[in-house]
Number of protein chains: 2
Amino acid sequence: MAIREKVFSTIVSVFKKHGAVTIDTPVFELKEILSGKYGEDSKLIYDLDDQGGEKCSLRYDLTVPFARFLAMNGSQYQSIKRYQIAKVYRRDQPAMTKGRMREFYQCDFDIAGVYDPMIADSEVVKIMCECLTALDIGEYIVKINHRKILDGIFQICGVPDSSIRPISSAVDKLDKLPWEDVKKEMTEEKGLDPNIADRIGEYVKLKGNKELVDKLFLDQSLISNNNAKAGLNDMVLLFKYLEIFGVLDKISFDLSLARGLDYYTGIIYEAVTEQSGPPKSKDGNQMVRKTKKDSDELDETTVGVGSIAAGGRYDNLVGMFASNKKGNIPCVGVSIGVERVFSILLQKVSLEQVKANEVEVYVMAVADGLLEDRMKICSELWDAGIKAEFMYKNKPKLQPQFSVCDRDQIPFAVIIGRDELNRGEVRIKDMRSKEQGEGGGASIKRSDMVNELKKRLGKA
Amino acid sequence: MAIREKVFSTIVSVFKKHGAVTIDTPVFELKEILSGKYGEDSKLIYDLDDQGGEKCSLRYDLTVPFARFLAMNGSQYQSIKRYQIAKVYRRDQPAMTKGRMREFYQCDFDIAGVYDPMIADSEVVKIMCECLTALDIGEYIVKINHRKILDGIFQICGVPDSSIRPISSAVDKLDKLPWEDVKKEMTEEKGLDPNIADRIGEYVKLKGNKELVDKLFLDQSLISNNNAKAGLNDMVLLFKYLEIFGVLDKISFDLSLARGLDYYTGIIYEAVTEQSGPPKSKDGNQMVRKTKKDSDELDETTVGVGSIAAGGRYDNLVGMFASNKKGNIPCVGVSIGVERVFSILLQKVSLEQVKANEVEVYVMAVADGLLEDRMKICSELWDAGIKAEFMYKNKPKLQPQFSVCDRDQIPFAVIIGRDELNRGEVRIKDMRSKEQGEGGGASIKRSDMVNELKKRLGKA
């Protein structure tokens with residue numbers, strides 16, 4: 001939990017730096033709001049028991065409730081930057097694992113509103129990079145693609161409109177499967193003409209940066225498609241703005257990125273860390289999983305397997321919940337995969353290094369217990385804003401008191417004895433100094449104690 | 001949400017000052033864990049739909065899940081100070097209000113472990129007082145009583161053992177009902193001998209401080225009861241320790257305080273603010289509600305109607321979930337009624353005064369849009385840890401940019417124009433200064449901008 005709090009405060013401080021506010025949405029939604037938004041994964045939604053009243057479900061992600069909120073309160077929130085850190089709920093393979101529940105944190109940032117093109121999109125990508133850099137999880141790259149470019153590619157290759165989403169979801173597996181397997185899925189499972197699949201293959205294997213955008217502009221058949229052209233124009237702006245924001249070195253324009261969710265309409269992105277890439281087999285080849293569904297990961301609809309943050313533009317989702325067309329509000333957002341961040345950081349930090357509590361001073365007695373004096377001193381420290389504890393015993397022995405300081409890594413001890421108290425003195429000992437030269441610590445006047453501790457704690 | 005965050009951070013900083021750590025418990029519990037813990041109110045528990053697997057319910061409070069956690073992980077947590085701020089779920093009168101759901105925050109602090117008597121109890125009361133003082137919600141008093149004293153009173157008055165809990169819950173209504181109504185409930189509804197009720201009445205009307213403890217020690221028939229004597233001995237220690245902790249002026253020993261929940265075994269307490277007392281009728285008499293159930297408040301099992309924080313010692317709850325008697329861990333805790341704190345603070349603060357976001361600098365252009373320059377400057381400010389925004393428009397007009405500063409109470413603006421940029425200058429304007437003398441702000445070198453803003457924001 002100490003690591004969790006650190007991760008959350010790091011992320012929230014980045015969000016606030018960009019002017020975000022937080023909005024709280026309920027953990028329940030009407031069942032009908034959630035249904036039809038998550039495709040196949042809808043079976044993972046938790047429903048509440050019918051105890052009278054309307055049918056409700058637990059939220060599956062934070063995006064749909066946010067969109068529903070905007071649709072209901074749109075007149076107040078025509079434009080907003082909001083973040084939300086909260087838990088979402090998914091039923092983990094209910095047939096296989098008996099009663100196993102899954103709740104986990106999601107951490108979302110979204111910008112809603114009508115703005116000039118690609119400015120908000122670029123800021124969201126910048127924010128994603130700032131968060132990942134601040135979290136200190138190691139190197140990462142941000143794969144970026146554009147739904148309209150993908151759609152354009154599918155159209156010029158000859159994919160029927162009705163097959164675009166299924167074919168798109170096959171393409172999305174290219175980071176984990178070799179092209180042959182993806183092609184097989186397109187042709188054998190989804191009935192695509194193998195020639196069309198091969199034409200798609202030529203495009204979706206492309207990766208690069210701004211030069212790739214320029215190169216695609218030279219592709220006459222691609223540029224003749226309005227979707228592709230609009231998407232490429234967006235990419236030109238995006239690269240220009242991301243260069244200004246100083247994050248171009250993190251970016252990879254990757255035509256194989258498709259993202260699972262149906263509601264994206266513009267740019268899509270996914271950050272991948274070195275650690276979160278696909279595992280390598282012994283001979284250096286990538287080990288591949290048969291299908292995404294073999295994975296134990298269930299937050300993949302928001303953050304794909306192997307990715308640490310992901311998002312995109314979704315211009316029509318709010319409109320699905322609004323009572324009329326005017327109620328629509330375009331949005332762009334990102335979800336940080338905080339559960340994966342926790343596990344990466346946990347690997348880096350050995351548990352011993354995490355100080356569980358934040359106590360700064362332990363108040364102990366050398367003999368006679370002196371409970372009431374210890375309580376009095378603690379109370380003074382608390383009132384002065386110093387984090388302090390004492391042992392809840394009338395007559396504790398000295399050694400157990402020192403052991404608490406060690407266990408909880410408490411930096412200072414106030415040590416009292418009957419004689420010193422009578423002289424109006426206490427001892428302050430720096431528990432981190434391994435030299436025993438200081439012995440029982442430095443004696444100071446009881447009346448100087450609070451100020452001396454504040455000084456030593458850097459609070460004066 | 002801005003007020004919420006302030007309330008949470010205030011409370012958490014008090015908890016941490018006392019060495020608390022946070023533990024996260026799941027929002028689901030097995031249905032059987034929750035059942036039988038909340039008496040009549042069990043009908044307010046939300047059950048999950050049976051989609052396969054074990055029957056689960058949503059947590060109703062934070063105490064039972066914490067006790068279940070301790071019972072399962074007791075070997076690791078023989079002693080712990082933990083806090084938790086999280087939502088709990090209750091079905092609000094499902095028969096009457098169609099599908100109305102209730103989720104709200106609870107904010108709990110508990111100390112678990114075997115210690116010398118009343119030390120941890122006193123610290124919890126001290127913490128409750130520190131929180132309420134820090135939250136600045138106005139005057140409050142802390143009513144304190146002891147379950148063993150109450151049980152002793154009922155026993156010496158002649159209440160049959162089987163009636164002690166129902167009679168206790170009738171007594172608890174004395175803060176809202178006149179004695180006559182409470183007596184009626186005891187005698188007519190619960191079949192108690194009216195003479196016994198009258199004898200109880202003599203005791204439970206008593207209120208006072210340490211002197212009341214001394215006075216009760218002189219009551220030979222009370223002292224002859226072991227429960228009452230043990231409770232009074234605890235009260236002697238409690239008053240001594242609370243005096244040391246400097247909170248005695250907040251305390252009222254109130255024999256009518258009984259608290260609804262069955263699981264308390266020692267001292268019980270409830271903080272009441274002036275605002276949260278029962279409403280007065282026009283002629284100055286207290287207006288009374290027929291019964292507690294008439295109230296719209298549902299968090300009353302933890303925080304009673306009219307109270308802002310409440311808690312007590314519960315020494316046997318963990319044992320109910322443990323596999324053997326050794327698994328029991330005594331606990332004492334408090335729950336801060338944060339939802340009520342929010343509403344009290346909302347009344348005090350007019351909404352205009354709440355700054356929604358925390359943006360410190362707004363970057364604007366006087367003409368030509370200068371989008372890329374605004375983006376570049378914002379990016380520099382973000383990288384320097386300054387909270388900054390700009391308008392997502394290629395060519396925004398000046399007035400709307402100033403309006404954003406006003407609306408969001410942003411203290412500083414960086415204003416750029418083509419000529420100034422060419423000279424390597426920007427203007428910084430203090431948006432809070434109403435004097436127009438400064439005009440368009442002070443021109444400074446572009447390269448000094450970050451340092452100048454840091455200085456003005458007190459971050460240098």
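Per chain, numbering begins at 1; letters A, B, ... match sequence-line order. Below, each value reflects all heavy atoms present in this structure, side chains not excepted, and no hydrogens, waters or symmetry copies.
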So which part of B:Lys376 gets closer than 4.5 Å to some heavy atom of chain A, the side chain, the backbone, both or neither?
both

Which residues from residues 6-15 of chain B are near chain A, with near meaning under 4.5 Å between non-hydrogen atoms?
none

Between B:His18 and A:Trp382, how do the two ring planes meet: parallel, tilted or perpendicular, split at 30° and 60°?
tilted

If we define contacts as heavy-atom pairs under 4.5 Å, which of A:Glu130, A:Glu123, A:Lys126 has the most with chain B?
A:Glu123

For A:Tyr89, is it the side chain, the backbone, both, or neither that has a heavy atom closer than 4.5 Å to a heavy atom of chain B?
side chain

Could you check whether A:Glu5 pairs with B:Lys16 (Lys NZ or Arg NE/NH1/NH2 to Asp/Glu carboxylate O, under 4.0 Å)?
yes

Using heavy-atom distances under 4.5 Å, tell me whether B:Leu371 contacts chain A through its side chain, its backbone, both, or neither.
side chain

Surrounding NZ of B:Lys397 (heavy atoms of other residues, nucleotides or ligands, distance under 6.0 Å), is the total greater than 12?
no

Quick one: does B:Glu372's side chain have a donor or acceptor within less than 3.5 Å of a partner on A:Ile244's backbone?
no

May I ask you to test the A:Met375-B:Ile119 pair for a side-chain heavy-atom distance under 4.5 Å?
yes

Decide yes or no for A:Val114 and B:Tyr392: does some side-chain heavy atom of the first lie under 4.5 Å from some side-chain heavy atom of the second?
no

For A:Leu381, is it the side chain, the backbone, both or neither that has a heavy atom under 4.5 Å from a heavy atom of chain B?
neither

By a 4.5 Å heavy-atom criterion (distance strictly below it), what part of B:Tyr83 contacts chain A: side chain, backbone, both, or neither?
side chain

Electrostatic pair B:Lys17:A:Asp383 at N-O distance under 4.0 angstrom:
no

May I ask you to decide whether A:Lys87 forms a salt bridge with B:Asp24, counting only side-chain N to carboxylate O separations under 4.0 Å?
yes

So which part of B:Glu380 gets closer than 4.5 Å to some heavy atom of chain A, the side chain, the backbone, both or neither?
neither

What parts of residues 384-391 of chain B touch chain A if we use heavy atoms and a cut-off under 4.5 Å?
B:Gly385, B:Ile386, B:Lys387, B:Ala388, B:Glu389, B:Phe390

